[in-house]
Amino acid sequence: MVDIKSMYKPEVISFMEEMGEKKFRATQLFEWMHKKRAASFDDMTNLSLSLRETLKEKATLDTLEKVQVLESKTDGTRKYLFKASDGALIESVMMRYSYGVSLCVSSQVGCAMGCSFCASTVNGLDRNLTAGEILEQVYGVERDSGERVSHVVVMGMGEPFANYENLIRFLRLITDPEAGGLGARNITVSTCGIVPGILRFAEEKIPVTLALSLHASDQAERERIMPVARKYPLPEVLSACDEYFNKTGRRVTYEYALIDGVNDTDEDARRMGELLGGKNCHVNLIPVNPVDGKEYRPGNASRFKNKLENYRINATIRRALGGDIDGACGQLRNRNSGRD
Ligand code: SAH
C-alpha cells in the first residue's frame with residue numbers, strides 16, 4: 001500500500017501516471033486530500049468510481065480514527081485521542097486563542113528521550129508517525145470541530161528531530177499553498193536539543209519558529225532532568241540555536257518548565273542571564289504541570305520572570321491550558337505499551 005497523504009504533489013502525479021491516469025486527475029486527488037481535507041476516497045466525487053476503487057486497493061489515506069474527545073471545562077481546550085490504522089494511539093490538543101485555533105500535534109507514538117518531568121516518555125518510543133499521520137491530526141480536528149486550525153505547534157508526544165524526514169515532509173505539505181495552506185510563521189517546532197537536527201533544520205529554508213526545551217541553565221542540572229543533554233551539551237545546543245537564528249532570521253524561543261526547588265532559584269536565573277541576556281530571543285516559562293508518579297511541584301513563574309527581566313531577557317508565562325483533561329504540556333502519554 002502506498003502512503004499517499006505523505007506524498008508531495010510531483011510524487012502523486014508520478015503515482016497516478018504509472019496507473020495510466022492523466023495529470024489533472026492527480027491534481028484533483030491532491031486537492032481532495034489536502035485542500036478539501038477529504039476523509040476517504042469515496043468522498044472524492046469527481047473521480048470515477050473505478051478510479052476510487054483502484055485507489056482503495058493501492059493506497060491508504062492513513063486517516064486517523066477519533067476515539068475520544070475531552071473538553072476542558074475551564075478553558076474550552078480539547079484533547080483528541082486518535083487511533084492509527086495499526087492501533088497506535090496518539091493525542092492532539094486544540095487550543096482556542098484570540099488570534100485563532102492552535103493545534104498541538106504529536107510527531108511520534110511515545111518518546112525515547114526520557115525527560116524526567118514528562119509523561120510522553122514513560123513507556124518509551126513505540127514508533128514514528130508518518131507525515132500523513134501528523135497532517136491528519138490537523139485535518140481530522142478541522143473536520144470534527146468545523147473550525148479551521150490557524151496555528152500548529154509540534155509539541156505533542158515525541159521528539160520531532162528524532163523523526164526528521166517525516167517532520168520535514170509534514171512541514172512542506174502543511175505550508176504548501178496547494179495543500180495545507182498554513183503560513184510557516186504560524187508553526188512552531190519544539191526540540192529537546194538534538195544538535196545535528198537543529199543545524200540541518202536551519203538549512204531547510206522553512207521559516208517556522210524553533211523552540212528549544214532548555215529547562216536548566218547549568219549542564220549538570222540539565223543532565224539530571226534531560227538525559228539527552230549528556231549527548232548534546234548546553235554550549236553546543238545554544239550555538240546551534242544561534243545558527244538557526246542567523247540562517248533564518250527567526251527568533252528562537254527557549255522553553256523553561258519551572259520546577260520548584262530544582263531549576264527556579266536566583267542562581268538559575270543569574271545563569272540564564274549569562275546564557276541568554278541581550279540575545280534576540282524569547283523565553284517561555286511554564287510552571288511544570290503535574291504528571292502521575294512524579295513528585296515535581298510548579299515553581300513561581302512571575303517571580304522568575306521578574307528575575308529574568310533584570311538580566312535583559314524577554315520572558316512570558318505560558319498559560320496552562322487543558323490541565324483538567326491532562327492535555328497540558330508534558331501530560332500526553334503513550335498508552336500503547338503492550339500493543340502487538
Ligand atoms: N520533544 C519536544 C517536544 C515535546 S514537549 C521537546 O522536548 O521540546 C513540549 C514541551 O513541553 C517541551 O518544552 C517539554 O519539555 C515541555 N514539558 C514536558 N513535560 C512538561 C511538564 N510536566 N510540564 C510543563 N512542560 C512540560
Side-chain angles (χ1 to χ4, degrees), residues 77 79 90-93 95 102-122 124-125 128-129 134 137 152-164 166-167 170-171 187-195 197-198 201 208-217 221-229 231-232 237 240-241 244 252-260 262-264 282-301 304 315-323 325-334:
T77 296
K79 183 167 77 166
I90 53 172
E91 292 176 320
S92 321
V93 181
M95 293 156 287
S102 179
L103 189 72
C104 176
V105 297
S106 295
S107 57
Q108 297 183 305
V109 184
C111 184
M113 296 299 127
C115 298
S116 67
F117 43 83
C118 182
S120 298
T121 196
V122 170
L125 175 68
N128 283 331
L129 292 177
I134 309 176
Q137 295 171 58
V152 168
V153 294
V154 187
M155 291 191 186
M157 231 193 316
E159 167 50 41
F161 289 161
N163 183 15
Y164 192 87
N166 293 331
L167 171 77
F170 161 71
L171 293 174
I187 300 174
T188 299
V189 174
S190 178
T191 178
C192 62
I194 298 187
V195 171
I198 299 171
F201 197 52
V208 303
T209 299
L210 177 73
L212 176 85
S213 293
L214 182 63
H215 305 321
S217 51
E221 188 174 293
R222 196 159 183 269
E223 283 183 21
R224 271 198 295 279
I225 54 177
M226 300 178 73
V228 69
K231 193 153 178 200
Y232 303 112
V237 174
C241 290
Y244 189 82
V252 173
T253 297
Y254 293 90
E255 296 161 281
Y256 199 93
L258 282 164
I259 311 172
D260 182 38
V262 174
N263 62 2
D264 68 341
H282 171 243
V283 171
N284 203 202
L285 299 170
I286 319 156
V288 78
N289 290 306
V291 167
D292 275 353
K294 319 249 173 189
E295 60 264 48
Y296 292 140
R297 283 182 318 261
N300 183 333
F304 202 76
T316 50
I317 300 171
R318 184 180 295 175
R319 224 162 25 111
L321 295 178
I325 51 170
D326 275 358
C329 306
Q331 295 184 317
L332 306 186
R333 64 173 57 244
N334 176 11

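Quick note: numbers below take in every heavy atom, side chains included, and nothing from hydrogens, waters or symmetry partners. Just so you know, ligand 1 is whichever comes first in the structure, and atom 1 is the first atom listed for that ligand. Worth saying up front: this structure is predicted, and the values here are computed from it rather than measured.
- The heavy atom nearest to atom 15 (O) of ligand 1, considering only His215, Gln108, Gln331, is found in His215.
- Of the heavy atoms in Val291, only side-chain atoms (C-beta onward) come closer than 4.0 Å to ligand 1.
- For atom 2 (C) of ligand 1, the closest heavy atom belonging to the protein is Ser190 O, 3.3 Å.
- Looking only at protein heavy atoms, the nearest one to atom 11 (O) of ligand 1 is Cys329 CB, 3.6 Å.
- Contacts of Val288 with ligand 1, taken as heavy-atom pairs under 4.0 Å, involve both backbone and side chain.
- Near Glu255, the atoms of ligand 1 lying under 4.0 angstrom from a non-hydrogen atom of the residue are 10 (C), 12 (C), 13 (O).
- Within ligand 1, the atoms closer than 4.0 Å to a non-hydrogen atom of Gly158 are 1 (N), 2 (C), 3 (C), 4 (C), numbered from 1 in the order shown.
- Between Tyr244 and Phe201, the ring planes lie parallel to each other; the angle is under 30°, not in the 30° to 60° tilted range.
- Applying the 4.0 Å criterion to heavy atoms of Ser213 picks out, from ligand 1, the atoms 6 (C), 7 (O), 8 (O), 12 (C), 13 (O), 14 (C), 15 (O).
- Here the side chain of Asn263 pairs no donor or acceptor atom with the backbone of Ala216 at under 3.5 angstrom.
- Cys329 contributes atom SG, which lies 7.5 Å from atom CD of Glu255 (distance to the nearest 0.5 angstrom).
- Using modelled atom types and a 3.5 Å distance limit, the side chains of Ser217 and Tyr256 yield no donor-acceptor pair.
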